[in-house]
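What follows is one structure encoded as structure tokens, with my remarks underneath.
Counting from 1, the numbers follow the sequence of the chain as shown. Since this is a predicted model, take the numbers as computed values, not measurements.
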Amino acid sequence: MPHLPNAARPIAYAAAVAASTWGIMSAVGGADAQQASNFVTLTSTNDSLDGLRWKARPVIVLADDPADPAYRIQMTNLKSAASELKDRDIVVLSEADGSASALRDALGNPEGFRVVLVGKDGGIKVNQDSPLGVSELFSTIDAMPMRQREMKG
């Protein structure tokens, strides 16, 4: 990603993800894979969000090393809330070896820990470099208009 002023970076990240990363879901099997497991390890062959759009809410967890404390905390927290993840159509996509991928490129090649919540519409809802608490994750999702409609039935 070209060097941008700090104020423009979130917009550039959102545009990059929306424009170039809706490929993780088709590669991981879309909704079918999400029903089988809410946790998918990213590889160079499944780093596109295409098949998940309008079907699931990806939570992307990246780190340079699986021993990264923030990565371990994030994954432990998410795994402890597996039933709530399924209820909210969340699929967790993780990669902890720092390898280059189209998804990392679209997110600006972050170094270290990164957690990103992508809405069903493809927009970035949360993008931070510290663990995201499950209560914050769920309250963010539950406040979304699409989730409000889902809860009404």
Side-chain angles (χ1 to χ4, degrees), residues 1 4 6 9-18 20-53 55-144 146-147 150:
M1 175 174 280
L4 297 170
N6 286 343
R9 288 182 149 267
I11 296 166
Y13 287 148
V17 170
S20 67
T21 64
W22 279 106
I24 281 181
M25 298 188 187
S26 60
V28 297
D32 295 333
Q34 192 258 341
Q35 289 173 356
S37 172
N38 287 70
F39 294 86
V40 176
T41 300
L42 293 172
T43 66
S44 61
T45 60
N46 74 345
D47 66 353
S48 171
L49 299 175
D50 287 340
L52 295 175
R53 193 167 198 172
K55 296 176 181 140
R57 295 177 178 93
V59 172
I60 303 160
V61 184
L62 304 173
D64 293 337
D65 184 325
D68 180 311
Y71 178 81
R72 293 172 63 112
I73 289 167
Q74 186 68 72
M75 294 304 291
T76 298
N77 289 346
L78 291 169
K79 287 177 182 176
S80 72
S83 64
E84 291 92 346
L85 296 177
K86 188 172 183 174
D87 183 51
R88 290 171 177 85
D89 299 326
I90 296 170
V91 62
V92 177
L93 307 166
S94 64
E95 183 265 296
D97 65 7
S99 62
S101 69
L103 185 58
R104 268 192 189 266
D105 288 345
L107 293 171
N109 287 316
E111 292 182 13
F113 177 80
R114 175 73 48 187
V115 60
V116 180
L117 167 63
V118 179
K120 283 186 175 182
D121 64 356
I124 293 178
K125 311 305 181 187
V126 175
N127 183 352
Q128 63 188 49
D129 60 4
S130 60
L132 177 63
V134 291
S135 60
E136 181 183 353
L137 171 65
F138 297 154
S139 65
T140 299
I141 291 171
D142 291 347
M144 295 176 184
M146 186 178 294
R147 175 65 178 149
E150 291 169 359

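- For the atom pair CD of Glu84 and CD1 of Ile141, the computed distance is 11.5 Å after rounding to the nearest 0.5 Å.
- Looking only at distances, no side-chain donor or acceptor of Glu150 sits under 3.5 Å from a matching main-chain atom of Arg88.
- In summary, of the residues considered (Asp129, Leu132, Val92), a side-chain contact (heavy atoms from CB on, under 4.5 Å) with Val115 occurs for Leu132 alone.
- Using a 4.5 Å heavy-atom threshold, the side chains of Val40 and Val91 count as touching.
- Each of Asn127, Asn109, Ile60, Val61 was scored for a side-chain contact (heavy atoms from CB on, under 4.5 Å) with Arg114, with one residue passing: Asn127.
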From CA spacing to verdict: side-chain contact (heavy atoms from CB on, under 4.5 Å), Tyr71, Thr76: CA-CA 8 Å; Tyr71 178 81; Thr76 298; over 6 Å; no
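- Taking 4.5 Å as the limit, some side-chain heavy atom of Lys125 sits within range of a side-chain heavy atom of Met144.
- Looking at residues two or more places apart in sequence or on another chain, you find a side chain to side chain donor-acceptor pair (under 3.5 Å) between Glu95 and Arg104.
- Under the 3.5 Å distance criterion, the side-chain polar atoms of Asp97 are left unmatched by any main-chain donor or acceptor of Pro66.
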Verdict with supporting geometry, Arg147 and Asp87, salt bridge (charged side-chain N to carboxylate O under 4.0 Å, His left out): CA-CA 10 Å; Arg147 175 65 178 149; Asp87 183 51; 3.0 Å; yes
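- Contact annotation: the side chain of Val126 never approaches that of Leu137 to less than 4.5 Å [non-hydrogen atoms, C-beta and beyond].
- In this structure, the side chains of Asp64 and Phe113 stay at 4.5 Å or more apart for every pair of heavy atoms.
- Between the CG atom of Asn38 and the CG atom of Leu78 there is a distance of 10.0 Å, given to the nearest 0.5 Å.
- Rounding to the nearest 0.5 Å places CD of Glu136 at 10.0 Å from CG of Leu117.
- The main-chain N or O of Arg57 is never found under 3.5 Å from a side-chain atom of Asp89 such that the two would form a donor-acceptor pair.
- Here the side chain of Gln128 pairs a donor or acceptor atom with the backbone of Pro131 at under 3.5 angstrom.
- Here the side chains of Pro110 and Leu62 are in contact, with some heavy-atom distance below 4.5 Å.
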